[in-house]
*Asks:* 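Below you will find the structure I want to go over with you.
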Amino acid sequence: MSAVWSRPATCWPGWTTRTSATRCGPPRRISPPRRPIRCRRATRRPASGNCWPTATPPQAQYDAALLAMRTADAKVVATQAALQSARDRVGYTELRADRDGVVTTIGAEPGQVVEAGQMVVRVAQPEEREAVFNVAETGIRAAPKDPVIEVSLAGAPDITAVGRVREISPQADPVTRTHTVRIALDNPPDALRLGATVVGRLKQPPAPVVELPGTALFEEAGRSFVWLVDPKAQTVRRQPVVIRPRDGARDTDGPVIVTEGLTRGDVVVTAGVHSLSEGQRVRFNQKIETAAAP
């Protein structure tokens, strides 16, 4: 706070007088009168310079602002989803292999329109080699479960490798009617290179089978049966059997291979099977022949 001095009067130079003084004297500083201090709360002054009380907006304005905010949020979410969809479509135009390998087959040309699931490029892994065969449906049905396949080089039968079935195509080729079978090889030698011609053989212990004439077999309800003779009771009984599938058209008079249902020493009726019934008594008119085991 600055000091207030009285206005100079008619005195000699260098001297001033106070308004309340009756004589001249040396200049003296006069303090201004004290005024009461008023405190008020600071408020934001509007642009016009006038202070107005703050008013609460109406409920309708609040609801409109809230709706606008939610609408904007929904547009942001929709735009982000569209962006991700566009990125996915761009990613579909690029095919990336999950690991390094050697391209063995190209199934599409540049600019060609491909369908979903169509093979474009086939990549082979050098460290995981496999043999591919085209096998008839009868051979697949006759194969045992989890078979062991011996694969040898066509030009060098002494170069071999052992593998197991990795994949069998569910659909047959429309022209050859064969199924593609892929054999995963275990530690193949270096001579079995990619693209080499190989020969596959099924390795399994010999199973006991019986060869019978086709006239000994009859079918009921889709199952195969033969008649077994009880030498002591001189009667017959029906026995279900499992036969090995045969290639080509079925020949009722040709030999059949029975893989299950018969044991050593069984006596099988080979003629007149359609005229017999369960428990019927029979008589041996000729010597019993022993079935051959191929």
Side-chain angles (χ1 to χ4, degrees), residues 131-152 162-174 176-184 199-294:
V132 181
F133 299 96
N134 295 326
V135 182
E137 185 175 358
T138 55
I140 294 177
R141 291 201 308 264
K145 295 182 180 180
D146 194 17
V148 178
I149 309 298
E150 182 182 16
V151 178
S152 60
V162 178
R164 295 183 180 275
V165 177
R166 186 182 67 84
E167 178 185 352
I168 300 177
S169 62
Q171 296 182 352
D173 186 90
T176 61
R177 305 306 303 172
T178 57
H179 295 259
T180 301
V181 180
R182 299 181 179 275
I183 309 298
V199 178
R201 296 180 179 84
L202 179 63
K203 293 185 63 177
Q204 62 176 352
V209 295
V210 178
E211 184 181 79
L212 295 176
T215 56
L217 193 71
F218 66 96
E219 295 184 356
E220 289 184 3
R223 301 180 61 186
S224 300
F225 296 89
V226 295
W227 290 108
L228 297 183
V229 180
D230 185 355
K232 295 182 179 179
Q234 298 287 314
T235 57
V236 295
R237 63 180 179 88
R238 187 170 53 182
Q239 174 66 25
V241 294
V242 177
I243 63 174
R244 179 181 299 174
R246 292 178 293 183
D247 297 333
R250 180 180 178 86
D251 184 6
T252 56
D253 296 332
V256 294
I257 305 300
V258 178
T259 58
E260 296 180 12
L262 297 179
T263 59
R264 183 179 297 274
D266 288 340
V267 180
V268 181
V269 178
T270 59
V273 295
H274 297 286
S275 60
L276 298 176
S277 59
E278 187 72 24
Q280 182 177 348
R281 295 182 62 86
V282 294
R283 183 175 56 184
F284 297 111
N285 295 327
Q286 60 184 1
K287 184 179 180 181
I288 300 176
E289 296 181 359
T290 303

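Quick caveat, the model's predicted, so the values are computed rather than measured.
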*Asks:* What verdict does the side-chain contact (heavy atoms from CB on, under 4.5 Å) test give for V226 and V273, after you've listed the backbone C-alpha separation in whole Å, the side-chain angles of each residue and the deciding distance to 0.1 Å?
*Replies:* CA-CA 8 Å; V226 295; V273 295; over 6 Å; no
*Asks:* Within this structure, what is the NE2-CG distance for the pair H274 and L276, rounded to the nearest 0.5 Å?
*Replies:*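 Taking NE2 in H274 and CG in L276, the distance rounds to 10.0 Å.
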*Asks:* Just by distance, do the side chain of E211 and the backbone of P255 share a donor-acceptor pair under 3.5 Å?
*Replies:*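 No; zero donor-acceptor contacts below 3.5 Å.
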*Asks:* Would you find more than 12 non-hydrogen atoms of other residues, nucleotides or ligands less than 6.0 Å from Q171 atom CD?
*Replies:* no
*Asks:* Got a second to check how far R244's CZ is from R141's CZ, nearest 0.5 Å?
*Replies:*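 CZ of R141 is found 13.0 Å from CZ of R244.
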*Asks:* Please list every donor-acceptor pair under 3.5 Å in which a side-chain atom of residues 177-184 meets a protein atom from a residue at least two apart or in another chain.
*Replies:*
unit_1: T178; atom_1: OG1; unit_2: T176; atom_2: OG1; d: 2.8
unit_1: H179; atom_1: ND1; unit_2: S169; atom_2: O; d: 3.0
unit_1: R182; atom_1: NH1; unit_2: E130; atom_2: OE2; d: 2.9

*Asks:* As an exercise, state the distance from OG1 of T263 to CD of Q239, rounded to the nearest 0.5 Å.
*Replies:* 8.0 Å
*Asks:* Which atom pair, heavy atoms only, marks the closest approach of V269 to A216?
*Replies:* O-CB, 3.3 Å
*Asks:* Check the pair L262 / L212 against side-chain contact (heavy atoms from CB on, under 4.5 Å), numbers first and verdict last.
*Replies:* CA-CA 11 Å; L262 297 179; L212 295 176; 3.8 Å; yes
*Asks:* Where do S224 and L217 come nearest, in terms of heavy atoms and distance?
*Replies:*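 Shortest heavy-atom separation between S224 and L217 comes out as CB-CD1, 3.7 Å.
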*Asks:* Might you point out which heavy atoms bring R238 and F225 nearest each other, and give the distance in Å?
*Replies:* CG-CD2, 3.4 Å
*Asks:* What pairs with E278 under salt bridge (charged side-chain N to carboxylate O under 4.0 Å, His left out), at least two apart in sequence or on another chain?
*Replies:*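 Result, salt bridge (charged side-chain N to carboxylate O under 4.0 Å, His left out) vs E278: none returned.
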*Asks:* Without swapping roles, check the side chain of T259 against the backbone of V242 for a donor-acceptor pair under 3.5 Å.
*Replies:* yes
*Asks:* Answer whether the closest heavy-atom distance between the side chains of I149 and L202 falls below 4.5 Å.
*Replies:* yes
*Asks:* I need the Q280 CD to T235 OG1 distance, nearest 0.5 Å.
*Replies:*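 OG1 of T235 is found 10.0 Å from CD of Q280.
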*Asks:* Between V256 and P213, which heavy-atom pair has the shortest distance, and what is it?
*Replies:*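 Of all heavy-atom pairs spanning V256 and P213, the closest is CG2-O, 4.2 Å.
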*Asks:* Could you check whether the rings of F218 and W227 sit parallel, tilted or perpendicular, using 30° and 60° as the cut-offs?
*Replies:* parallel
